[in-house]
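Shown next, in structure tokens, is the structure this report addresses.
All residue numbers in this chain count up from 1 along the given sequence.
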Amino acid sequence: MKDLLIGNITRYTPDKIHNWVQSAKRHFKGEILVIVYDVPEETIEYLKANNITIVNTQATGLHIVVQRFLDIYSYLSSNPDYRYVVVTDVKDVIFQRDPIQ
């Protein structure tokens, strides 16, 4: 079974997520997924260029803190084949090693 790292972003540009993306790619051995809400096309292109799985969703009027947990639940309900799932903030997290090991 594979492991999954999930982040959620709203309106972030690549410079705001660069450290998270690059450190995750360097240290995390599983799949990396970002759930995005209202982000610029340059951010989508940056994530694609870094082989990050993107789930593009629309805000439903719920507070984003609540919305992201519902979207994570929805994704995992449809994709149950993960061993471990790690969910982190994106803007202020840097990986120094694989959080699973």
(request) Calculate, to the nearest 0.5 Å, the distance between atoms CD1 and NE2 belonging to I94 and H27 respectively. (result) 9.5 Å
(message) Membership question, hydrophobic clusters at under 4.5 Å side-chain separation (ILVMFWY): are Y84 and I32 in the same one?
(response) yes
(request) Give a yes or no on whether I64 and I6 share a hydrophobic cluster (residues Ile, Leu, Val, Met, Phe, Trp, Tyr; joining criterion: side-chain heavy atoms under 4.5 Å apart). (result) yes
(request) Compare every heavy atom of I54 with every heavy atom of I44, then report the nearest pair and how far apart it is. (result) O-CD1, 3.7 Å
(message) Can you confirm whether Q58 is buried at CD, in the sense that more than 12 heavy atoms of other residues, nucleotides or ligands lie under 6.0 Å from that atom?
(response) no
(message) Can you give me the closest heavy-atom contact between Y82 and V85, atom names plus distance?
(response) CB-CG2, 4.0 Å
(message) When you compare the side chain of I52 with that of L33, does any pair of heavy atoms fall below 4.5 Å?
(response) no
(message) Taking the basic N atoms (NZ, or NE/NH1/NH2) and the acidic carboxylate oxygens, is any pair closer than 4.0 Å for D38 and R11?
(response) yes
(request) State whether the number of non-hydrogen atoms from other residues, nucleotides or ligands found under 6.0 Å of R97 atom CZ is greater than 12. (result) no
(message) Pair F95, V93 - check side chain to side chain contact (heavy atoms under 4.5 Å, CB included), show working.
(response) CA-CA 7 Å; F95 295 94; V93 171; 4.2 Å; yes
(message) In the structure I gave you, are the side-chain heavy atoms of E31 and T53 within less than 4.5 Å of one another anywhere?
(response) yes
(message) What I'd like to find out is whether the side chain of V34 reaches to under 4.5 Å of the side chain of V21, using heavy atoms alone.
(response) no
(message) Quick check: is I35 connected to L5 through a chain of hydrophobic side chains (ILVMFWY, heavy atoms under 4.5 Å apart)?
(response) no
(request) Starting from the C-alpha separation in whole Å, work towards a yes-or-no answer on side-chain hydrogen bond (donor to acceptor under 3.5 Å, both in side chains) for Q67 and T60. (result) CA-CA 7 Å; Q67 180 72 46; T60 62; 2.4 Å; yes
(request) Using modelled atom types only, decide if a donor and an acceptor are shared between the side chain of D3 and the backbone of G30 within a distance under 3.5 Å. (result) no
(request) Determine the minimum heavy-atom distance between R68 and Y37, stating which atoms define it. (result) CA-OH, 3.3 Å
(request) Please assess Q101 against K29 for the test side chain to side chain contact (heavy atoms under 4.5 Å, CB included), listing each intermediate value before the final yes or no. (result) CA-CA 9 Å; Q101 298 180 349; K29 304 299 183 235; 4.2 Å; yes
(message) Looking at every heavy atom in both I17 and L47, which two are closest together, and how far apart are they?
(response) CD1-CD2, 3.8 Å
(request) Under the side chain to side chain contact (heavy atoms under 4.5 Å, CB included) rule, what do K25 and N50 come out as? Steps first, then yes or no, please. (result) CA-CA 8 Å; K25 284 180 47 182; N50 282 283; 2.8 Å; yes
(message) For a side chain to side chain contact (heavy atoms under 4.5 Å, CB included) check, start with the C-alpha distance between I9 and W20, then their side-chain angles and the critical distance, and finish with the verdict.
(response) CA-CA 11 Å; I9 60 173; W20 185 87; over 6 Å; no
(request) Measure the shortest side-chain to side-chain distance between L62 and L70 over non-hydrogen atoms and say whether it is less than 4.5 angstrom. (result) yes
(message) Quick check for you: to the nearest 0.5 Å, what is the distance between Y73 atom OH and S78 atom OG?
(response) 9.0 Å
(request) Would you check if the side chain of S23 reaches a backbone N or O of N19 as a donor-acceptor pair within less than 3.5 Å? (result) yes
(message) Using only atom types and a distance under 3.5 Å, with no angle test, would you say the side chain of T43 pairs donor to acceptor with the backbone of V39?
(response) no
(request) Would you name the heavy atoms of Y75 and L4 that are closest together and state the gap between them? (result) CE2-CD2, 4.0 Å
(message) Would you say that I100 contacts R83 through its side chain, given a criterion of any heavy-atom pair below 4.5 Å between the two side chains?
(response) yes
(message) Assess whether a salt bridge exists between R26 and D98, defined as any Lys/Arg side-chain N lying under 4.0 Å from an Asp/Glu carboxylate O.
(response) no
